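What you see below is based on every heavy atom in this structure, not just the backbone, and it leaves out hydrogens, waters and symmetry mates. No experiment lies behind these values; they were computed from the predicted model shown.
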Amino acid sequence: MENVSGILQRLGLARLAAMVLVAVLLLGFFAFLIFRATSPSMAPLYSGLSFEDSSAIVSQLQSSGTPYELRGEGETILVPRDQITTIRMNLAADGLPSNGQVGYEIFDQQSTLGATSFVQDVNLVRALEGELARTISSLARVRTARVHLVLPKRELFRRERADPSASITLGVRGTLSSSEINAIQYLVSSAIQGMSPSQVSIIDDSGRLLAAGNGDQNQAIVASDMYERAIAVETRLRTQLEELIGNVVGAGRVRVQVSAELDFNRMTKSTETYDPEGQVVRSTQTRELANSSVGANNGGAVSIGNELPGASPANGDAGSIRDQSSTTEETINYEISKSTETQVFEAGSIKRLSVAVLVDGVYVDDGNGAATYQPRTEEQLAEISALVSSAIGYDAQRGDQIEVRNLQFAERPDLAAVGTEGPGLFDFTRDDLISAAEMLVTLLISLALILFVMRPLLKRVLEPEEPLPLADLTADGSAQMTPDMAIEAANGAAGPNTPESPDLMGEARSQGEAKTRTLAKVGELVSEHPKQASVIVRDWLNQAA
């Protein structure tokens with residue numbers, strides 16, 4: 001204990017405080033590193049949650065003992081990254097998150113015993129609304145969704161029946177395109193019997209009308225759909241042409257612009273064609289008629305007796321003449337071959353294409369390490385034009401146009417950087433970048449702590465302490481002496497050294513006596529002031545070292 005107390009007294013209060021501070025900082029720093037290395041990496045489990053879903057999920061996590069963190073006033077819940085899949089599966093088994101909607105599980109939670117038909121109908125509507133809202137919320141750009149259905153019931157003794165309708169409120173991320181709006185309309189109308197897409201009205205959380213739902217197709221949406229279809233055709237052709245020509249002239253050395261004019265008129269055309277050469281006998285009808293007549297031969301004389309009824313000719317049969325004739329009629333019916341053709345031309349066909357292709361020239365090394373520009377030949381441009389014509393299905397009758405031009409680009413290609421290398425060693429993912437950033441921040445903090453805190457403290461602890469002056473008064477009032485003062489006092493007690501003495505033996509004897517008296521005096525000083533003596537010896541040792 002005395003040694004420890006002596007060591008503490010020699011170090012002093014300032015050094016002890018510095019050593020304690022350094023130790024505390026080191027322990028805290030290493031504890032932080034250990035905690036950071038052993039603590040699990042947190043990742044978002046769900047974001048954009050309602051307070052009801054957040055409360056239910058937190059209760060489930062607490063009951064299972066899973067660590068979690070809340071961010072954004074409870075809208076985001078973070079859990080260990082390696083447990084996200086398992087936790088989501090467990091929560092899905094419990095129907096979480098429900099996004100504030102009740103689905104078909106309402107029939108599992110309620111007893112149907114004693115429930116009226118009205119309650120069952122209301123529960124069915126609630127279940128349909130909840131399931132549709134969940135399905136719509138699963139879309140990438142949709143953050144929240146609420147669905148309201150109107151399902152009219154057919155009344156007794158009435159033939160008319162109102163069509164069902166739906167109204168949807170969406171919380172979106174960004175802006176929904178017309179194709180996404182149409183997709184939501186068709187999704188809801190397909191889930192409800194008897195509902196048409198035009199009966200679904202949609203608004204966003206800012207109150208902007210996305211779909212009217214007034215029973216007629218929204219003309220703005222139809223026009224936008226036609227425009228997007230044209231843009232899709234142009235984009236597809238441009239991408240194909242740039243990829244095709246880029247393999248010839250080099251990546252980034254070609255620019256393609258395509259203008260597609262589409263026909264959005266729907267037309268039905270019917271054609272009937274008769275072939276006169278393709279005659280076929282359908283039916284034949286033949287009819288024969290025979291006629292006979294008898295006349296008197298009286299020389300042409302006419303008398304009253306001949307004209308009376310029942311009168312006979314004057315000379316009997318000798319003078320009669322008999323006439324006979326026959327007629328044959330034949331009717332043949334022919335069937336002429338006929339072909340009927342009906343053509344339906346749907347909207348969206350290409351009426352006309354205009355393609356503009358701009359290619360860069362060739363860069364050749366001039367021998368001095370610089371690249372010089374050279375335009376492409378007409379043969380190369382003709383080959384590129386032939387490739388473009390074949391790729392787009394060029395049709396001169398519909399008025400297609402193709403222009404291929406060779407002009408120098410403003411930016412020259414970096415020939416050394418062009419390549420088709422796959423993912424390299426430094427192709428990091430988002431998680432890798434986040435982890436690297438955390439490690440870099442920790443390293444910077446560690447270096448700052450070592451250089452600006454620990455290093456000055458250690459330097460202060462390790463620097464030698466100034467010797468205490470022995471001329472100061474001690475606590476009991478006695479005088480303290482420095483080492484030089486002690487040697488001078490010892491030399492003074494031994495008397496002056498007289499080098500003029502001719503007796504060498506006497507001189508040596510006097511020097512020995514002086515040294516003896518000096519040692520005795522030093523011993524007395526050490527016995528009287530042991531602490532100061534130890535400080536003096538330590539300083540001598542430090543100076544010798």
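Closest heavy-atom contact between Val142 and Arg173: O-NH1, 3.1 Å. Residues Thr144 and Ser137 share a closest heavy-atom pair of C-OG, 4.0 Å. Nearest heavy-atom pair, Tyr68 versus Leu61, reported as atom, atom and distance to 0.1 Å: CB-CD1, 3.7 Å. Contact record, Gln401 with Tyr394: N-CE1, 4.3 Å, taken as the closest heavy-atom pair. In terms of heavy-atom proximity, Ala145 sits nearest to Ala133 at O-CB, 3.6 Å. For the residue pair Thr340 and Glu272, the shortest heavy atom distance occurs at OG1-CG, 3.7 Å.
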Leu407 and Leu358: side chain to side chain contact (heavy atoms under 4.5 Å, CB included), yes or no, with the steps?
CA-CA 7 Å; Leu407 295 175; Leu358 179 63; 3.7 Å; yes
Run the salt bridge (Lys or Arg N to Asp or Glu O under 4.0 Å) test on Glu131 and Arg134 for me, step by step, so that the C-alpha distance in whole Å, both residues' side-chain angles and the decisive distance to 0.1 Å come before the verdict.
CA-CA 5 Å; Glu131 294 295 333; Arg134 293 175 182 176; 3.5 Å; yes
Side chain to side chain contact (heavy atoms under 4.5 Å, CB included) between Val172 and Arg141, intermediate numbers included:
CA-CA 6 Å; Val172 297; Arg141 291 182 178 270; 5.6 Å; no
For a side chain to side chain contact (heavy atoms under 4.5 Å, CB included) check, start with the C-alpha distance between Ser196 and Ser189, then their side-chain angles and the critical distance, and finish with the verdict.
CA-CA 5 Å; Ser196 62; Ser189 62; 5.8 Å; no
For the pair Ile184 and Val200, evaluate side chain to side chain contact (heavy atoms under 4.5 Å, CB included) and give the outcome as yes or no after the intermediate values.
CA-CA 9 Å; Ile184 295 175; Val200 180; 5.7 Å; no
What verdict does the salt bridge (Lys or Arg N to Asp or Glu O under 4.0 Å) test give for Arg255 and Asp360, after you've listed the backbone C-alpha separation in whole Å, the side-chain angles of each residue and the deciding distance to 0.1 Å?
CA-CA 9 Å; Arg255 296 292 183 270; Asp360 197 5; over 6 Å; no
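Leu78 is not listed as a side-chain neighbour of Leu45, based on a closest heavy-atom distance of 4.5 Å or more. A 4.5 Å side-chain heavy-atom check between Leu353 and Arg398 finds at least one atom pair inside the cut-off. Contact annotation: the side chain of Val355 never approaches that of Gln257 to less than 4.5 Å [non-hydrogen atoms, C-beta and beyond]. Contact annotation: the side chain of Leu70 approaches that of Val58 to within less than 4.5 Å [non-hydrogen atoms, C-beta and beyond]. Within the 4.5 Å cutoff, side-chain heavy atoms of Arg143 are placed close to those of Asp205. Annotation: side chain of Lys269 is in contact with side chain of Thr271 (closest heavy-atom distance under 4.5 Å).
Of the N and O atoms on the side chains of Gln343 and Glu341, at least one donor lies less than 3.5 Å from an acceptor on the other residue.
Although no hydrogens or angles enter the test, the distance criterion places no donor-acceptor pair under 3.5 Å between the side chain of Arg146 and the main chain of Thr169. Proximity of a side-chain donor or acceptor of Asp263 to a complementary backbone N or O of Ile350 within less than 3.5 Å is not detected. Under a 3.5 Å cut-off, the side chain of Ser138 and the backbone N or O of Thr135 do form a donor-acceptor pair. For Asp400 (side chain) and Ala396 (main-chain N/O), no donor-acceptor pair under 3.5 Å exists by modelled atom type. Here the side chain of Glu234 pairs a donor or acceptor atom with the backbone of Ala260 at under 3.5 angstrom. With hydrogens and angles ignored, the 3.5 Å screen pairs a side-chain donor or acceptor of Ser190 with a backbone N or O of Tyr186. Side chain of Glu129 to main chain of Leu149: a donor-acceptor pair is present (N/O by atom type, distance under 3.5 Å, no hydrogens or angles). Under a 3.5 Å cut-off, the side chain of Ser63 and the backbone N or O of Gln60 do form a donor-acceptor pair. Checked by atom type and distance alone, the side chain of Arg253 never pairs as donor or acceptor with a backbone atom of Gly361 at under 3.5 Å. At distances below 3.5 Å, at least one donor-acceptor pair connects side-chain atoms of Glu180 with backbone N or O atoms of Ser177.
Note that the OG atom of Ser283 and the CD1 atom of Ile332 stand 9.0 Å from one another [nearest 0.5 Å]. In this structure, CD1 in Ile402 is found 5.5 Å from OG in Ser385, a value given to the nearest 0.5 Å. Separation of atoms CE (Met195) and CD (Gln185) is listed at 11.0 Å; rounding is to 0.5 Å. Between atom CD1 of residue Ile136 and atom CD1 of residue Ile202 there is a gap of 7.0 Å, rounded to the nearest 0.5 Å. Note that CD1 of Ile181 and CG of Leu170 are 8.5 Å apart. Values are rounded to the nearest 0.5 Å. Interatomic distance, Ile192 CD1 to Leu132 CG, rounded to the nearest 0.5 Å: 5.5 Å.
Partners of Arg208 by salt bridge (Lys or Arg N to Asp or Glu O under 4.0 Å), not counting sequence neighbours, listed by chain and number: Asp204.
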Which donor-acceptor pairs under 3.5 Å do side chains of residues 236-251 form with protein atoms, sequence neighbours excluded?
unit_1, atom_1, unit_2, atom_2, d
Thr239, OG1, Thr235, O, 2.8
Asn247, ND2, Glu243, O, 3.0

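Annotation: Glu378, atom CD; neighbour count of heavy atoms from other residues, nucleotides and ligands within 6.0 Å does not exceed 12.
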